[in-house]
Amino acid sequence: MGKHITSFYKNLTNENSTIMRVIKSGKAESNVRQQLVTKSGNHFESINSTYPIIDNHKVIGVIEFSKHIYSKENIQSLDKMASHKVYRKNNTIYTIENIITANPNMRAIKNRIKKIAKTNSTVLINGKTGTGKEVVAQSIHNLSDRYGSPFLSLNCGAIPPNLLESTLFGTVRGSFTGSTDMPGLMEQAEGGTLFLDEINSLDFYLQAKLLKAIEEKMIRRIGGNKNIYVDIRIISATNEDPEILVSEKRLREDLFYRLGVVQIDLPALAEREEDIETLLEYYIHFYNNHMNMSIDGVKPEVLECFKRYPWPGNIRELKNAIETAYINATSNQISIEDIPKRIRKYNEVEISNQKDTKEWTLKNAIEEFEKSIIISEVKNTNGKLTELATRLGISKQLLNYKLEKYNLR
């Protein structure tokens with residue numbers, strides 16, 4: 001659970017730290033346990049081995065090897081950290097390994113991502129809310145040669161329109177009241193990737209300005225008179241069909257073509273039924289580690305219920321449903337009573353509807369099939385009832401009943 005980190009320290013002022021003790025004594029200290037608190041308030045235990053760097057009998061610095069161990073109560077603080085320190089530095093938390101799937105279409109998308117990542121082409125990701133658009137975007141970035149540079153994300157629908165332009169392009173001091181010299185996201189993402197979610201939320205003026213910036217690889221801050229070259233990759237996303245957005249004039253056609261050099265269409269979870277069980281296992285393992293519980297799995301009726309449910313919120317909704325079940329669980333298996341009420345209700349209604357539909361469908365399908373056989377044999381026997389009954393393997397009395405029933409006289 002810990003990571004070994006080697007660090008060189010100078011100008012330290014914490015008198016109680018092992019580093020200061022080693023500097024003062026000139027003697028190494030090994031396997032010292034300390035309880036630490038991060039700036040964000042997370043607690044963890046640190047096991048340190050600290051060694052002095054001595055030059056001409058003077059301690060000029062120290063090297064400390066430390067292992068950070070998080071308790072079960074505080075391990076959730078690791079959720080916002082990527083598994084590898086390189087990815088933590090570039091503002092991402094996901095790699096392609098976080099795309100959990102057994103679905104052939106999603107496996108094909110994972111293979112495409114590996115190819116797409118090696119190019120600098122713009123990418124447009126289309127998928128409903130909760131299908132994992134940002135996971136895909138970060139996976140592309142972390143597989144590309146840009147992984148050592150920043151990955152910045154902006155939900156265009158979450159920023160007021162009057163602030164979007166300055167957020168993207170930056171400002172120059174004095175360009176408007178209260179403005180300062182501030183780089184926009186397109187500058188801050190230099191060398192890396194800028195992910196623009198809900199791209200259709202940009203008004204047409206900003207869409208035109210974004211298109212110009214992508215084409216020319218150059219921007220100008222609001223109020224500025226200097227062109228700034230930017231080397232970034234643009235990945236955008238929308239939860240609506242981009243072709244419909246274009247036809248309804250909510251997305252510029254020329255911007256669509258420029259953003260969608262490569263287009264990835266993510267299937268809804270309802271189209272990936274085999275992934276429901278796969279994701280269930282994954283999140284059970286995840287919450288066992290993060291909620292200090294030991295759930296073995298789900299009862300069969302829960303799995304069937306999950307497979308029937310349409311999952312309008314997709315993977316995000318499934319994850320939240322499992323978290324709810326963990327909170328409600330009273331045994332080592334998740335039962336139908338533990339899952340969210342809306343999913344149980346849908347399941348009850350669906351079973352009732354399916355029973356009615358199956359009874360009607362089966363009854364009518366049998367009758368239609370029987371009628372078609374009788375019609376076929378009537379033609380073959382030229383309407384001779386005795387021969388017809390023999391060919392059908394029934395009595396003449398039963399044959400007369402069926403001819404009346406199906407109005408075949």
Side-chain angles (χ1 to χ4, degrees), residues 101-112 126-128 131 240-244 247-248 263-281 297-315 317-318 321 333-337 339-409:
T101 186
N103 177 267
N105 289 339
M106 280 304 298
R107 284 179 172 172
I109 287 172
K110 286 182 75 170
N111 288 331
R112 279 191 73 204
N126 174 36
K128 298 294 184 183
T131 50
E240 299 181 67
D241 186 328
E243 293 188 9
I244 292 176
S247 67
E248 293 179 351
Q263 183 169 324
I264 298 176
D265 297 304
L266 296 180
L269 183 56
E271 300 170 44
R272 301 163 49 185
E273 186 178 307
E274 59 271 75
D275 278 347
I276 292 174
E277 189 168 1
T278 303
L279 287 164
L280 262 174
E281 292 174 1
V298 301
K299 291 184 177 179
E301 60 266 29
V302 173
L303 180 59
E304 289 305 311
C305 177
F306 275 22
K307 286 184 176 180
R308 274 192 288 265
Y309 187 66
W311 299 108
N314 294 289
I315 299 170
E317 185 183 8
L318 174 63
Q333 273 203 318
I334 292 171
S335 68
I336 200 78
E337 292 78 21
I339 66 177
K341 185 177 179 180
R342 69 181 182 282
I343 299 177
R344 293 202 310 271
K345 287 273 189 185
Y346 180 90
N347 187 57
E348 291 164 5
V349 171
E350 186 68 10
I351 289 174
S352 175
N353 289 342
Q354 284 182 2
K355 283 181 179 177
D356 293 343
T357 303
K358 283 180 181 176
E359 288 171 3
W360 184 90
T361 302
L362 181 61
K363 180 175 180 293
N364 284 273
I366 291 172
E367 289 180 348
E368 287 298 319
F369 182 61
E370 185 178 62
K371 181 180 176 180
S372 67
I373 291 176
I374 294 172
I375 291 172
S376 176
E377 292 300 332
V378 165
K379 292 177 182 177
N380 292 334
T381 58
N382 292 318
K384 297 176 182 177
L385 295 186
T386 303
E387 186 180 349
L388 179 58
T390 301
R391 289 177 71 94
L392 292 172
I394 59 177
S395 65
K396 282 183 66 176
Q397 185 180 0
L398 181 57
L399 174 61
N400 280 320
Y401 166 76
K402 290 186 180 296
L403 291 173
E404 291 287 348
K405 176 182 178 181
Y406 297 129
N407 196 26
L408 295 177
R409 284 294 184 185

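The first residue of the sequence shown is numbered 1, and numbering continues consecutively from there.
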Measuring from [X]:[atom1] to [Y]:[atom2], what's the distance to the nearest 0.5 Å?
X: L266; Y: N126; atom1: CG; atom2: CG; answer: 7.5 Å
X: L280; Y: I276; atom1: CG; atom2: CD1; answer: 8.0 Å
X: L303; Y: I334; atom1: CG; atom2: CD1; answer: 11.5 Å

Notebook entry, point to check: With a cut-off of 6.0 Å (strictly less than), are more than 12 heavy atoms of other residues, nucleotides or ligands near CD of E387?
Noted result: yes
Next item on the list: Step through the shown structure and confirm whether more than 12 heavy atoms of other residues, nucleotides or ligands are within 6.0 Å of NZ on K384.
Entry: no
Minimum heavy-atom separation for [X] and [Y], please, with both atom names.
X: K307; Y: E273; value: CD-OE2, 3.9 Å
X: T131; Y: P267; value: CG2-O, 3.7 Å
X: Y309; Y: R342; value: OH-NE, 3.6 Å
X: S335; Y: V302; value: C-CG2, 3.4 Å
X: L392; Y: I374; value: CD1-CG1, 4.1 Å
X: A270; Y: P310; value: CB-O, 3.5 Å

Next item on the list: Answer yes or no: is there a side-chain heavy-atom contact under 4.5 Å between K299 and I336?
Entry: no
Check: So do the side chains of E274 and P104 get within less than 4.5 Å of each other, counting heavy atoms only?
Finding: yes
Next item on the list: Run the salt-bridge test on K128 and E271 with the 4.0 Å N-O cut-off and return the result as yes or no.
Entry: no
Checklist line | Pair N103-T278, side chain to side chain contact (heavy atoms under 4.5 Å, CB included): steps then yes or no | finding: CA-CA 10 Å; N103 177 267; T278 303; over 6 Å; no
Notebook entry, point to check: Does the side chain to side chain contact (heavy atoms under 4.5 Å, CB included) test come out yes or no for R272 and I315, once each step is laid out?
Noted result: CA-CA 10 Å; R272 301 163 49 185; I315 299 170; 3.4 Å; yes
Notebook entry, point to check: Judged by atom type as modelled, is there a donor-acceptor pair below 3.5 Å linking the side chain of N314 to the main-chain atoms of A268?
Noted result: no
Item checked: CA sep, side-chain torsions, deciding dist, call: L279, L269, side chain to side chain contact (heavy atoms under 4.5 Å, CB included) -> CA-CA 10 Å; L279 287 164; L269 183 56; 3.8 Å; yes
Notebook entry, point to check: Would F306 and V298 count as a side chain to side chain contact (heavy atoms under 4.5 Å, CB included) if you check the C-alpha gap in whole Å, the side-chain angles of each, and the deciding distance to 0.1 Å?
Noted result: CA-CA 10 Å; F306 275 22; V298 301; 5.8 Å; no
